[in-house]
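First up is the structure itself, then whatever we jot down about it.
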Protein chains: 2
Amino acid sequence: MTVERVPASLGGATSHGYLLELIRSADGLSRQQLLSTTGMSRATLYERLDTLTRRGYIYEAEPLDSTGGRPSRKIRFEDRGRVVLAITLGQTHGTVSIADTTGTQLRSVTRDLDISDPAASVLDPLIQDGRALLARGADETLLGIGVSLPAPVEAVTGFVKHPTTIPGWAPDSVVAAVKAAWDLPLVIENDARAAALGERNSDTETVVYVKVGTGIGCGIVVEGSILRGAHGSAGDIGHIRMTPDGPLCRCGRRGCLAAYSSGRAIQDRLGHLHFSTAGEVGDAAMAGNPEVLNALDSAAEVLGRALAATVTTLNPDRLVLGGRIGSLAMFVDQVAHRVLADVVERIAEGMMVEAGHPEDLAACHGLTTLVMREIFAPRAVDRMFSDVTGLA
Amino acid sequence: MTVERVPASLGGATSHGYLLELIRSADGLSRQQLLSTTGMSRATLYERLDTLTRRGYIYEAEPLDSTGGRPSRKIRFEDRGRVVLAITLGQTHGTVSIADTTGTQLRSVTRDLDISDPAASVLDPLIQDGRALLARGADETLLGIGVSLPAPVEAVTGFVKHPTTIPGWAPDSVVAAVKAAWDLPLVIENDARAAALGERNSDTETVVYVKVGTGIGCGIVVEGSILRGAHGSAGDIGHIRMTPDGPLCRCGRRGCLAAYSSGRAIQDRLGHLHFSTAGEVGDAAMAGNPEVLNALDSAAEVLGRALAATVTTLNPDRLVLGGRIGSLAMFVDQVAHRVLADVVERIAEGMMVEAGHPEDLAACHGLTTLVMREIFAPRAVDRMFSDVTGLA
DNA sequence: CCACTTATGTCTAATGCTTAAACGAAAGTT
DNA sequence: AACTTTCGTTTAAGCATTAGACATAAGTGG
């Protein structure tokens, strides 16, 4: 049997960064397993593991079952006490969470807010909440911060773009406020996209996430990365035109999906019931108000028609619905029914249509993934080690 | 100034494969430029260039302008006399082309065929054509073969899947036939996807390619790679349901896009004119037949509505139309008009809607890209060199 | 409790890739 | 002819990596 050895010089997984990546992806490998999978020599591997351990990247965990001799010990990624702070902004409330390195929420605080207020007055209280949450953890190390918000975000800079929901916010307002509080790796992402990434279960999975709250947002994840498109507007399905004429949308056009199926559109249609938020609409539906259920039904019907096209275009493994309205069971059922009826069997077959996790959890998960990726990307790690090795 | 050096051990671009990649991407770099961009030592770089030259991967080309001293000489990827064979199968005819390594067609032969015939009787004559075309080239080296065909193709194996257009073909019929003729790297791809890749101009461009011929096909390219989706059905937009009820589609459902806008659908609607191929419909339109123009107009209108949704979902840089019907100027105009009217300005702005190159050229280009990628992928090249270096 | 097995931990000399530096020749410019 | 810049080759030194040996640790099975 020939074990495929890939020396470092051939771009193989032998540098500190790739070794860490390997350890991080496979939860717990023994030294023997590392030796055979990387093909490194004993001496080199041990040297690497030594440095990684001394610098706190990995640790030796519990022994594996013996196969007749001395049992091997698992080498694990050092995640003990490491946390990420996730700030999840919605239209009417924001959640600050502390998560472990896998993105699981450990504890959180939610507070009301009005996203149309100035950036500072929205963010400052949340940053205070974050400080308080961090203070409650003993022996925790904060690795980085992720922020999601209901507006377009520029991928590289983290700047807020075309902020129609938050017109008063300067592009760099979020970066500036958070960087002032914590000088750590920071990731900013649109809410639906963060949630989409959070709902993804495996690296190969294609996921379409649709958030129906006050507005309609959407995130698409293909092979582990978020689809952005030419100007970063990919997934902006709220303004798909469903009918040549139709209800007036906030964007000034007629017949947009958002004018049919968004929380705001439903509120408008049920104007005499005086709902003030998408959440209230959802509550009324849960309470069984037939008029509301009816409105949601037709909203879901239209959304389902639109998503049938999206699904046909992208052939995802899963279609996940989120948001105060999107995650209502009856809404999901109706959308699923429409989508599965409209999409050819070849594509629909095996596809899951389901309600996502609560949005703050999904976004927290996605944001953590982004933060961890940034910090522990093999090249980033190698750069850390090259400083000491003395490479210019 | 600190030049960023990335030693091979850190996965930097210093192995034979990555060096070749660098030379291949930047057309013509001097040794000096290579020294400074890779950060390698003179001795190592020269050794690498030496091996690459001796093995015929690169060559020394014309000198650059002098800057006061001895002029530097360009190092180029060895593409002289290297060709790729592309076989492009349509419903009614097939083209065999010889292309240079950039995918530019050098010479070609087109012959009629019926794709519903058995695989062997379709492929064998084309393979003969290929042999003849190759014989006409002096001092040419065939690097590999690409085949595109109007049916779903499994990505890794190149097997034909769910062949509704070609029900009699065994999954491995194409692989088997071509491998028997030439034992060289072989790539098989769906026609619209190959063309989509061929229409792409840069690595960052997001392109949606739609082929309207007898049927409707679509290929989506994001960051240089073809979007495939969960079961490889991404882009199968022909069966987006446009209306709850509507004309009967071949798939057995009603209101599919293909039942409105495909060549076959148009033929059916113009049944009394007795067209037998999509090409004839196109010819009649070119001749100005008002009835045909009218039918095409409404077909384009429906397609435009569907594509507005696709474009909104993906936010592409370009929407390219191909196929015997799709590339008609009046058809493109009508689709563009509808799409640009239906898509929010934020997304439509800057997006090009245009007719693609003739399909055999686009597919030839795309197929060549795939073949070249397979052969000259850094890791593949490194593997070639590791054999000799003696690495196990 | 003892033999056996398998993993861990450390060290050695040898190997081989990569580097820095120097030098001479080549091929332009002014 | 003097100057400049690139090309091409060689040297010794440096460093990372390797194979292999050897000792130790920690289980299993009789």
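Proteins get letters first, then strands, A, B, ... in listed order; numbering begins at 1 in each.
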Rounding to an integer number of Å, can you tell me how far B/Arg73 CZ sits from D/dT5 C1'?
13 Å
Starting at CE of B/Met40 and ending at P of C/dA20, how long is that distance when rounded to a whole Å?
12 Å
Could you say whether A/Gly68 or A/Glu47 is positioned toward the 5' end of DNA chain D, judged by the nucleotide with the nearest heavy atom to each?
A/Glu47
Considering only C/dT18, C/dT19, D/dT17, which nucleotide approaches the side chain of B/Arg48 most closely?
C/dT18
Salt bridge flag under 4.0 Å for residues A/Arg54 and A/Glu78:
no
Counting side-chain heavy atoms from CB outward, which of D/dT17, C/dT29, D/dT9 is closest to B/Ser66?
C/dT29
What is the separation between atom CG on A/Leu34 and atom P on C/dT6, rounded to the nearest whole Å?
19 Å
How long is the line joining CD of B/Glu60 and P of C/dA27, in whole Å?
10 Å
Which listed nucleotide (D/dT17, D/dC7, C/dT19) is nearest to the side chain of A/Ser41?
D/dT17
From the options D/dC7, C/dA7, D/dA26, select the nucleotide whose nearest atom is closest to the side chain of A/Gln32.
C/dA7
Salt bridge flag under 4.0 Å for residues B/Glu140 and B/Arg107:
yes
Please confirm whether the shortest side-chain N or O distance from B/Arg31 to OP1 or OP2 of D/dG8 is below 4.0 Å.
yes
Short side-chain N/O contact from B/Ser72 to OP1 or OP2 of D/dT6, under 4.0 Å
no
Atom CG of B/Leu29 and atom P of D/dT6: how far apart are they, to the nearest Å?
14 Å
Send over the distance from A/Asp50 CG to C/dG9 P, rounded to a whole Å.
9 Å
Passing candidate, salt bridge (charged side-chain N to carboxylate O under 4.0 Å, His left out) with B/Glu60, options B/Lys74, B/Arg80, B/Arg76, B/Arg31:
B/Arg31
Rounded interatomic separation in angstrom, taking NE2 from B/His16 and P from C/dT18:
9 Å
Out of C/dT19, D/dC7, D/dT18, minimum distance to the side chain of A/Ala43 belongs to D/dT18
Can you tell which of C/dG9, C/dA22, C/dA26 lies closest to the side chain of B/Arg42?
C/dA22
Angle between ring planes, B/Phe77 versus B/Phe376, binned at 30° and 60°: parallel, tilted or perpendicular?
perpendicular
Round to the nearest Å and state the distance from B/Asp65 atom CG to C/dT29 atom P.
9 Å
Choosing from C/dT18, C/dA25, D/dA26, which nucleotide comes nearest the side chain of B/Arg70?
C/dA25
Does A/Thr44 or B/Tyr46 map to a spot on DNA chain D nearer the 5' end, using the closest nucleotide for each?
B/Tyr46
Taking atom types as modelled, find out whether B/Ser36 and B/Gln32 have a side-chain donor-acceptor pair closer than 3.5 angstrom.
no
